[in-house]
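Small disclaimer: the values here were computed from a predicted structure and weren't measured. Here is the naming used below: chain letters follow the sequence lines, and residue numbers restart at 1 for every chain.
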Amino acid sequence: MIRTHTAGSLRAEQVGEQVTLAGWVARRRDHGGVVFVDLRDASGVVQVVFREEDAHDLRVEYCIAVEGAVGKRPAGNENPALPTGEIEVTAAVLRILSTSAPLPFPLDDHVEVGEEARLRYRYLDLRRTGPARAMRIRSELNHLARNFLHERDFVEIETPTLTRSTPEGARDFLVPARLRPGSWYALPQSPQIFKQLLMVAGMERYFQIARCYRDEDFRADRQPEFTQLDIEMSFVTEDDVIELSEALVARVWMELAGHQVTRPFRRIPYPESMARYGTDKPDLRFGCELVDLTGYFTDTPFRVFRAAYVGAVVQPGGASQPRRTLDGWQDFARQRGGKGLAFVLVGDDGELGGPVAKNLSDAERSGLLAATGAEPGDAIFFAAGEPADARPLLGAVRLEIGRRGGLIDESQWAFCWVNDAPLFERTDRTDDVAVGSGRWTAVHHAFTSPNSDWIDRFEDDPEHALADAYDLVCNGNEIGGGSIRIHQAEVQRRVFAMMGLDAEQAQQKFGFLIDAFAYGPPPHGGIAMGWDRWAALLAGVESIREVVAFPKSGGGFDPLTGAPAPITPEQRKEAGVDARPKADPPG
RNA sequence: GGCCCCGUAGCGCAGCUGGUUAGCGCGUCGCCCUGUCACGGCGAAGGUCGCGGGUUCGAGUCCCGUCGGGGUCGCCA
């Protein structure tokens with residue numbers, strides 16, 4: 001090594017020692033006769049004092065090596081803000097290892113820099129303490145998970161990234177196969193099929209920190225390539241997967257957030273989650289639960305409330321918000337596909353106001369506070385219609401109430417499971433025709449097992465059949481999801497049939513998995529953790545872009561490399577991109 | 001794909017109902033400075049106002065289109 005110590009590790013105990021340091025000029029304070037340089041390396045910063053002429057030429061982010069002596073700072077000159085603030089290094093020899101051009105943006109922790117600039121020069125951005133810390137937290141996270149899973153006898157196995165389309169239902173990224181012009185690889189949307197094959201292979205306990213690829217439109221917390229901690233286990237029930245997952249969460253949150261989680265996590269059946277929170281990923285850090293008023297308004301004179309479902313959310317103190325803000329809620333609802341939001345304002349005297357109030361009967365008005373739990377000074381928002389439309393709208397309103405009102409305790413970690421999800425979903429509601437052509441499609445994916453209550457009779461009532469599936473939720477984020485898989489060929493055949501896939505079509509799409517399942521597949525199940533989101537939560541950042549080393553910006557563009565980029569005619573020819581298939585491919 | 005917001009010096013931003021020379025802070029460059037720590041002082045350079053078209057005597061400002069970024073709904077587990 002060309003250095004003897006790291007800058008951030010020096011303390012008063014080293015006073016008097018000769019040291020050689022190497023790092024970057026984080027800041028310099030040139031007083032003419034004396035020059036102070038904050039020397040930064042991965043461990044931190046230390047102040048270096050120069051009294052020689054050559055230090056005047058130093059500029060920010062020059063990479064330098066310094067030989068000198070550690071000394072105690074003169075009395076009164078200590079900097080208590082710095083771990084190394086009691087000491088300084090007086091330089092005897094300065095070597096400039098490399099110089100730096102003027103920076104495109106300041107690498108200063110108190111300066112806000114636009115994301116576009118940061119990503120274009122991510123290698124500079126990552127020199128800053130915040131982004132550097134995020135990378136290190138993610139590394140620790142990986143390390144903890146690997147150790148934990150190895151302790152529990154898991155086998156880390158890499159699965160192919162050049163493969164065949166997997167049945168997740170998103171759009172595939174495709175890679176031309178040079179040796180078979182006209183044929184294409186797909187990048188995996190997840191290692192789903194491979195991990196099940198590994199169970200057939202008798203590996204029993206598999207995990208992988210797996211890169212996954214989905215060619216879908218962008219969202220704040222989405223990247224076209226992202227990472228899952230992928231886990232699959234043989235001979236387990238839902239409880240086993242949940243126990244393992246909770247133990248992992250407990251370990252990770254203890255080590256990285258200093259937080260002791262309370263186990264077991266609450267388990268909320270999917271229907272209850274939709275009824276109380278209007279979402280399948282409830283944020284349990286605050287109340288304001290949805291109130292079902294369908295029964296309350298059965299005989300209402302107000303037409304709008306004579307619906308399959310009427311629900312409400314109470315906004316504490318909402319009665320005093322100005323007209324403009326109330327109009328804003330209407331826009332909020334319309335943006336989410338609602339017609340608007342009915343509301344009632346409860347005056348401080350308990351008197352009901354707002355346009356809806358006069359449409360209600362006297363009895364409805366007098367009992368409304370008791371029915372909704374509202375108090376004087378509150379606002380009550382209503383949505384009426386199909387439960388599948390009205391509840392998510394109220395769920396969104398609930399979240400917004402929490403955010404605007406500062407009702408969410410940001411220091412809290414609220415974990416829960418949402419299970420007992422429906423097995424199927426009507427295709428006419430989702431337009432998802434990726435897997436089959438039937439009226440029903442899998443909510444989770446086609447290999448999710450019906451639970452024990454339904455496994456023999458899901459055909460009788462597909463709408464209400466329940467899956468052996470479970471989602472892990474933290475603070476309103478879905479951070480993991482999994483299921484017990486189907487391991488009996490006959491059950492799989494029946495599930496495919498519900499989705500409109502006959503034996504021949506199933507064979508075409510998933511032939512290799514069905515073939516494998518002919519050879520004594522073990523009962524198995526697993527879970528996939530949204531690893532980028534775990535890292536983002538633990539790092540305390542909003543966007544998963546902050547915990548990806550080189551993230552893509554909107555449109556899948558990489559501002560650093562400029563990818564995707566055009567290819568040359570030669571590459572085009574060689575890759576076989578333009579090869580014409582001989583006939584229409586099957587499926 | 002729909003809707004909303006943004007694009008002005010290297011970075012972060014201001015620029016009113018259109019008005020003649022487009023500002024501020026940081027950074028950069030030069031000179032000065034022996035105890036600073038987001039050091040300080042004096043001075044200087046730096047702009048196709050994203051791009052194209054239109055309205056107007058006159059456009060950073062208004063209109064249309066387009067590109068890029070962010071958010072959101074659709075999509076996506």
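Nucleotide C76(B) holds its C1' atom 15 Å from the CZ atom of Arg533(A), rounded to whole Å. When rounded to the nearest whole Å, the span between CZ of Arg219(A) and P of A77(B) equals 13 Å. With rounding to whole Å, Asp172(A) atom CG is found 13 Å from C76(B) atom P. Leu82(A) has its CG atom 15 Å from the P atom of U36(B), to the nearest Å. Between the CH2 atom of Trp417(A) and the P atom of A77(B) there is a distance of 19 Å, rounded to whole Å. The interatomic distance linking Glu53(A) (CD) with C32(B) (C1') rounds to 13 Å, in whole Å.
When the C1' atom is used for both A77(B) and G15(B), the distance is 46 Å, rounded to whole Å. Nucleotides G19(B) and G1(B) place their P atoms 37 Å apart, quoted to the nearest Å. Distance noted for atom C1' between U72(B) and U56(B): 37 Å (whole Å). A gap of 16 Å separates the P atoms of G35(B) and G41(B), to the nearest Å. One C1' atom belongs to C16(B), the other to G52(B), and the distance between them is 28 Å to the nearest Å. Nucleotides A38(B) and G12(B) have their P atoms positioned 23 Å apart, rounded to a whole Å. As rounded to the nearest Å, C13(B) and G60(B) have C1' atoms that lie 14 Å from one another. Across the P atoms, U61(B) and U48(B) are found 16 Å apart, a figure rounded to whole Å.
For U34(B), the base has a donor-acceptor partner in the side chain of Arg51(A) [N/O atoms by modelled type, under 3.5 angstrom]. Side-chain to base pairing of Arg222(A) with C76(B): one donor and one acceptor N or O lie within less than 3.5 Å of each other.
Closest to the Arg545(A) side chain, of the nucleotides U34(B), C73(B), G71(B), is G71(B). Considering only side-chain atoms of Glu116(A), the nucleotide from G68(B), U34(B), C37(B) that sits closest is G68(B). Comparing G69(B), C39(B), G74(B) by their closest approach to the side chain of Asp217(A) singles out G74(B). Closest approach to the Ser553(A) side chain among A77(B), G69(B), C37(B) is made by G69(B) (side chain taken as heavy atoms from C-beta onward). Nearest nucleotide to the side chain of Glu478(A), out of A77(B), U72(B), U34(B): A77(B).
Using a 4.0 Å heavy-atom distance criterion, Glu78(A) is classed as a base contact. Across all strands, Glu112(A) comes closer than 4.0 Å only to sugar-phosphate atoms, never to a base (heavy-atom distances). Backbone-only contact: Gly114(A) has heavy atoms under 4.0 Å from sugar-phosphate atoms and none from a base. Base contact: Glu88(A) has a heavy atom under 4.0 Å from a base atom. Base contact: Asp30(A) has a heavy atom under 4.0 Å from a base atom. As judged by a 4.0 angstrom heavy-atom cut-off over every strand, Arg334(A) is placed among residues making no nucleic acid contact. Within 4.0 Å (heavy atoms only), Val443(A) reaches at least one base atom of the nucleic acid.
A sub-4.0 Å separation between OP1 or OP2 of C75(B) and a side-chain N or O of Arg171(A) is absent. For Arg118(A), no side-chain nitrogen or oxygen approaches OP1 or OP2 of G10(B) to under 4.0 Å. Look at Arg29(A) and you won't find any side-chain N or O under 4.0 angstrom from OP1 or OP2 of U36(B). Here Arg214(A) does not reach the OP1 or OP2 of C76(B): none of its side-chain N or O atoms lies under 4.0 Å away.
The one candidate from Arg545(A), Lys552(A), Arg122(A) that meets the salt bridge (charged side-chain N to carboxylate O under 4.0 Å, His left out) condition with Glu115(A) is Arg545(A). A side chain to side chain donor-acceptor pair (under 3.5 Å) with His524(A) holds for exactly one of Gln196(A), His487(A), Arg485(A); it is Gln196(A).
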Next item on the list: Test side-chain contact (heavy atoms from CB on, under 4.5 Å) on Leu537(A) and Trp413(A) and set out the steps.
Entry: CA-CA 10 Å; Leu537(A) 283 168; Trp413(A) 296 107; 4.1 Å; yes

Next item on the list: Report the C-alpha separation of Asp215(A) and Leu174(A) in whole Å, then their side-chain angles, then the decisive distance to 0.1 Å, and conclude whether the side-chain contact (heavy atoms from CB on, under 4.5 Å) test is met.
Entry: CA-CA 9 Å; Asp215(A) 187 5; Leu174(A) 298 170; over 6 Å; no

Note to self: Under the criterion ring-ring contact (aromatic ring centres under 6.0 Å, His included), I'd like the reasoning laid out for Phe381(A) against Trp329(A): C-alpha separation, chi angles, the key distance, then a yes or no.
What the structure shows: CA-CA 9 Å; Phe381(A) 291 99; Trp329(A) 283 105; 4.9 Å; yes

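Scanning residues 68-77 of chain A for heavy-atom distances under 4.0 Å to RNA chain B yields Arg73(A), Pro74(A), Asn77(A).
Checked for salt-bridge contact, Arg73(A) and Glu86(A) miss the test: no charged N lies under 4.0 Å from a carboxylate O. Salt-bridge annotation for Arg29(A) and Asp38(A): present, with a side-chain N of the basic residue lying under 4.0 Å from a carboxylate O of the acidic one. Between Arg533(A) and Asp221(A) there is a salt bridge, with a side-chain nitrogen of the basic residue lying less than 4.0 Å from a carboxylate oxygen of the acidic one. Salt-bridge formation is not detected for the pair Glu272(A)/Arg267(A): no Lys NZ or Arg NE/NH1/NH2 atom is positioned less than 4.0 Å from an Asp or Glu carboxylate oxygen.
C39(B) is unpaired under the criterion used here, namely a Watson-Crick or G-U wobble arrangement in which both key atom distances are under 3.5 Å. The partner of C3(B) is G71(B), judged by Watson-Crick or G-U wobble contacts that both fall below 3.5 Å.
Taking a centre distance below 5.5 Å and an interplanar angle below 30 degrees as the stacking criterion, Phe36(A) stacks against the six-membered base ring of U36(B). Stacking of the aromatic ring of His31(A) onto the base of U36(B) is not found under the criterion of centres within 5.5 Å and planes under 30°.
Projected onto RNA chain B by closest heavy-atom contact, Val34(A) and Phe557(A) fall at different nucleotides, the more 5' of which corresponds to Val34(A). In this structure, Asp221(A) and Gly33(A) both approach RNA chain B, and ranking their closest nucleotides by distance from the 5' end singles out Gly33(A).
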For nucleotides 22-30 of chain B, print each protein N/O atom paired with a nucleotide N/O atom at under 3.5 Å, atom names and distance only.
residue : atom : partner  : partner atom : Å
C29(B)  : OP1  : Arg59(A) : NE           : 3.3
G30(B)  : OP2  : Arg59(A) : NH2          : 3.4

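For the pair Asp468(A) and Thr448(A), the minimum side-chain heavy-atom distance is 4.5 Å or more.
Between the side chain of Arg128(A) and the backbone N or O of Leu124(A) there is no donor-acceptor pair closer than 3.5 Å.
Remark: Arg164(A) CZ is loosely packed, at most 12 non-hydrogen atoms of other residues, nucleotides or ligands lying under 6.0 Å away.
Relative orientation of the Phe415(A) and Phe265(A) rings is parallel, given thresholds of 30° and 60° on the angle between their planes.
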